[in-house]
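Working notes for the structure below.
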There are 2 protein chains.
Amino acid sequence: MKEKATSFDIAYLAGVSQSTVSRALRNSPQVNKETRDKVQAIARQLNYKVDKNASNLRKQRSSTLALLLFEDPTTDESLINPFFLSMLGSITRACAQRGQDLLVSFQQLSDDWHADYEDTKKADGIILLGYGDYEDYEEKLDKLLAQETHFVCWGADVEGHPDFTIRSNNRQGGRLAGEHLLSLGHQHFAFIGNASAGSPEFNQRFLGFSDALQQAGIRHDAIAQFNAISTEQAGQLAVQNLLDSGKAVDAIFCASDLIAIGVMQGIQQRGLQVPDDIAVMGFDDIPVASYTTPPLSTIQQDTSLAGEMLVENLLRLVNNQPIETNQIEPKIVIRTSCGTASKG
Amino acid sequence: MKEKATSFDIAYLAGVSQSTVSRALRNSPQVNKETRDKVQAIARQLNYKVDKNASNLRKQRSSTLALLLFEDPTTDESLINPFFLSMLGSITRACAQRGQDLLVSFQQLSDDWHADYEDTKKADGIILLGYGDYEDYEEKLDKLLAQETHFVCWGADVEGHPDFTIRSNNRQGGRLAGEHLLSLGHQHFAFIGNASAGSPEFNQRFLGFSDALQQAGIRHDAIAQFNAISTEQAGQLAVQNLLDSGKAVDAIFCASDLIAIGVMQGIQQRGLQVPDDIAVMGFDDIPVASYTTPPLSTIQQDTSLAGEMLVENLLRLVNNQPIETNQIEPKIVIRTSCGTASKG
DNA sequence: CTGAAAGCGCTTACAG
DNA sequence: CTGAAAGCGCTTACAG
C-alpha cells in the first residue's frame, strides 16, 4: 500500500471507465449491478477511499459543519462551560448520524470569530455556541447574515430574531423554577444572574420566574436581583452582596448551575444551610449538578435534543429548506437543594 | 457578493497572472512587494478566501487534524469523561495556534473507528483519546501502524509502545498519592480501579502507589484492591464491596476522580465520614473535583500541556520529524478529602 | 520577478 | 448502461 489508489486505478483493474467507477462507488442506480459490484469489490480490496478534497472541490460541498464556541473573555479560558460541553457531545453525535464531519473551534469574542469557515469552503455551515454578551455579538451575526453565510445559533428568544436561533423556552423554565419554589413554601425570593438586554437568556429566565411569583401575588420588584455572569465566582460574589444587603431571602433562583454552585458555597461560608436556611435552584442541569452538596435542583435543558435540532436546522438552511421548530421545552429536575417538605 | 471570487478574478483586476496572485497571497518572497501589496489589497476588498478544497487537493495536505474520542461502550453515552473534555479544550487551542483545523468525532470501540480520516485526505493525522480496554484496541492500533497512518495516542506507558503514545507518568502519580496518604498518618490502604493489562494506566498508578507504601514497609499484597472502570457507579459499587469485606481501611486511592466521587458517596452512605473515617484520593483533577464534599485531593494531569504535546508530536510525525518528549509529570493537588492533620 | 501550463482526483453534463 | 471530456480552484515546477 505504498501509493493511495485513485478511481483510475480501479477503472483500469475493472476494465471500465473512470466515470463508471465514480458512479458505481456512489451506488448510482444507473450502473449495471454486476459492474457496480465488481467495482466496489476492487475498491474494497485496494482499500480505496474517495479523496474528499477532490470531491468537495468538484461538488462545491464539503459535508462538513463547523462549530464555533465563543466564550466570554472574562472567564478562565481553561474552563469551558459544562453546558456547552454537553452540547458539543450531542452535536458531534448528530453530525455523525447525518454523515457530516464536524470542525471544532473555540474563539474569544474578540477574534475574527466567524473564521471564514464557509468562505474557505471548509464547512457548509456554522453552528454558533456561546454565552457572550448578546449586544456585543449582535453586530457579528448581522455580518454573517449579510454575507449569506449558513449558520444557526444557540441563544435567546429575543424579538426580531429570525429562524437561525435555536433556544430553550427560557421563560417557561423560569416559571417552572418559581412554581417549584413556591410549592415548597418559600416566601422571600432572589434572582442571581445578569438581567439585561446583553443577557437575554438570563433575562427571560428572570421574567418567567417573576411570572410565576406574580401568580402568588409577589410583585416583580419584590424580588431581589443581583447580577452575575455564568461562573461560580460571580455567583459567590453576588450572594455575598445579597446577604450583606440584609434583605430577607429564603429562596434563590440562579440563572445557571455554575452560578448556583457559587451561590451555595457563598451561603455555606456564612454558616447557613442549603436548603434549610436558603433554597437554591439552578438552570441547565450540567453533570456536576448532581454532585454538589446538597444535590442541585435545577431546570434541565435537553442538550441531546438541542444538538440534534441545531444540526438538523443548519442542514435545512444549507439545503434551502424551511425550518420547523426552533425551541425546546425545559424540564424541572428536583433534587434536594430547595428542600423537600413544605415549610411553615 | 453573489459569486465567490477566485484567484482569477483578482488576477484580472490586478493585471497580473493567476500564478502571481497565488504567490502574492501566500506572501512568497519572490514576488515584488508592490505587486504583492496590490494583490492583497484587492483580495481583501473582494473578501477573497482561498478555497481549501482546491489548495488541499493540489498540495496533498489538509492542515487538519482529526480527534477521535472513543469511549468504553459500557459507559453512559451521553456522559463524556470530563478529563477528555478538558483535553479536547486544550487540543483545540493547540491546533488553532498552529493553524490546524480540528475534526472531532466520538466513536464506540465497536465502530470502524479510525474512520478513514487520513485515507480520505480529510486530515493529515489522527489523535486518539480513550479509556477503553487497552487489549481491545491494541489490534486496531497495529492496523493503523500497518497502514502508515499518522497518529498519536493518549495512553499508558506499557512496554513495546513506540513514540506515538503520549502519557502521564502514571507510576509517579501513584507514588505521590501514596506518599501523601502516608504523611497524613494513614495505615490501612486500598486501591480502587482496574489493575490488569487491559487498563495499563490504572495499573501503573496502582504500582506507583504500592512503590510508595513499600518504602514504609507495607507489602503489596497488604493493599486491598477492588476493580472499577472509570465511572462513579463503578466506584460506588467497589467501595461497597470493600466495606463489606470487613477489611480495615483508612485510606483509599482511586484510579480516577470519577471513581473517587463514587467511592466518597459509597462511604457516606454507610454513615462514615471522609476523611475522618476514611481518606479518599483521586486521579486526574477534573473540574468537579473541587466541588465535591469534601473537596477531593487528587493527582493532577496537566491537560493543557498534554494537549499541546499531542498536537505537537502528531505534527512532527506528519512532517517526519523525531518526537522529543512523550511524557508529562503529574502533580499532587491537596484539598481536604484525605485529611490535613496527622493522625494518631 | 512573472507567466503559461500541468495537474491534484474527483463529479457530472453530454453524447451515444 | 457506459465513456470521453470538461472543469472545480488552486499550487508549483518550468521557462524566461
Side-chain angles (χ1 to χ4, degrees), chain A residues 3-40 42-43 46-64 99 101 116 118-124, chain B residues 2-40 42-43 46-64 99 101 116-124:
Chain A
E3 293 295 310
K4 276 218 149 118
T6 73
S7 52
F8 283 94
D9 299 326
I10 300 177
Y12 176 77
L13 290 173
V16 296
S17 76
Q18 182 267 341
S19 334
T20 299
V21 170
S22 176
R23 291 191 190 97
L25 256 20
R26 276 168 303 112
N27 279 315
S28 166
Q30 46 167 329
V31 29
N32 187 337
K33 183 168 178 353
E34 263 173 65
T35 323
R36 202 193 320 156
D37 291 346
K38 186 170 165 197
V39 167
Q40 295 189 348
I42 295 176
L46 258 48
N47 199 18
Y48 169 81
K49 296 286 151 42
V50 172
D51 183 314
K52 283 292 176 185
N53 290 131
S55 76
N56 289 346
L57 174 59
R58 180 54 232 249
K59 287 193 293 188
Q60 297 294 71
R61 262 284 209 139
S62 68
S63 290
T64 300
D101 283 313
D116 312 317
E118 190 169 342
D119 286 347
T120 57
K121 305 274 178 64
K122 287 190 291 196
D124 299 327
Chain B
K2 256 48 293 228
E3 293 294 312
K4 289 243 133 101
T6 72
S7 52
F8 283 93
D9 299 325
I10 298 177
Y12 176 77
L13 290 173
V16 296
S17 76
Q18 182 268 341
S19 333
T20 300
V21 170
S22 177
R23 290 190 192 100
L25 257 19
R26 277 168 302 111
N27 280 314
S28 165
Q30 46 168 329
V31 31
N32 187 338
K33 183 167 177 353
E34 263 173 64
T35 322
R36 203 195 316 158
D37 290 346
K38 186 169 166 197
V39 167
Q40 294 189 349
I42 296 176
L46 258 47
N47 200 18
Y48 169 81
K49 297 285 152 46
V50 172
D51 184 314
K52 283 293 178 185
N53 289 133
S55 76
N56 289 347
L57 174 58
R58 179 54 233 249
K59 286 192 295 190
Q60 297 293 73
R61 259 284 208 138
S62 68
S63 290
T64 300
D101 284 311
D116 312 318
Y117 281 108
E118 190 169 344
D119 287 347
T120 58
K121 304 273 176 69
K122 289 190 290 195
D124 299 328

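Note that the coordinates shown come from a computational prediction; the quantities given were computed from them, not determined experimentally. Side chains included, hydrogens not; waters and symmetry mates left out as well; all remaining heavy atoms used.
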Would you classify A:Ser19 as touching base, sugar-phosphate or nothing, given that sugar-phosphate means primed atoms plus P, OP1 and OP2, and contacts are heavy atoms under 4.0 Å?
base
Assign B:Gln60 to base, sugar-phosphate, or nothing according to its heavy-atom contacts below 4.0 angstrom with the strands shown.
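Counting heavy atoms under 4.0 Å across all strands, the contact made by B:Gln60 is with sugar-phosphate only.
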* Distance check: side-chain N/O of B:Ser7 vs OP1/OP2 of D:dG9, anything under 4.0 Å? -> no
Exercise. Are B:Ser22 and D:dC10 close enough that a side-chain N or O sits under 4.0 Å from OP1 or OP2?
Worked result: no
ask   = Taking the C1' atom of each, how far is D:dT12 from D:dG16, in whole Å?
value =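 Those two atoms are separated by 16 Å.
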Closest to the side chain of A:Ala54, out of C:dC1, D:dT11, C:dC10, is C:dC10
In terms of side-chain heavy atoms of A:Arg23, which of D:dT12, D:dC10, D:dG3 is nearest?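 So the side chain of A:Arg23 is nearest to D:dG3.
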Expressed as a whole number of angstroms, how long is the span from [X]:[atom1] to [N]:[atom2]?
X        : N      : atom1 : atom2 : result
A:Phe8   : C:dG7  : CZ    : P     : 12 Å
A:Gln18  : C:dA13 : CD    : P     : 15 Å
A:Lys122 : D:dC10 : NZ    : C1'   : 15 Å

Review point. Heavy atoms, side chains only, cut-off 4.5 Å: are A:Tyr48 and A:Leu25 in contact?
Key: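 Sidechains of A:Leu25 and A:Tyr48: in contact.
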- Item | Beyond-backbone contact of B:Thr64 with B:Lys122, side-chain heavy atoms, under 4.5 angstrom | no
DNA chain D in dot-bracket form (Watson-Crick or G-U pairs under 3.5 Å, [ ] crossing, | inter-strand) is |||.||||||||.|||
Of B:Gly15 and A:Asn53, the one whose closest DNA chain C nucleotide lies more 5' =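 Its nucleotide being nearer the 5' end, the pick is B:Gly15.
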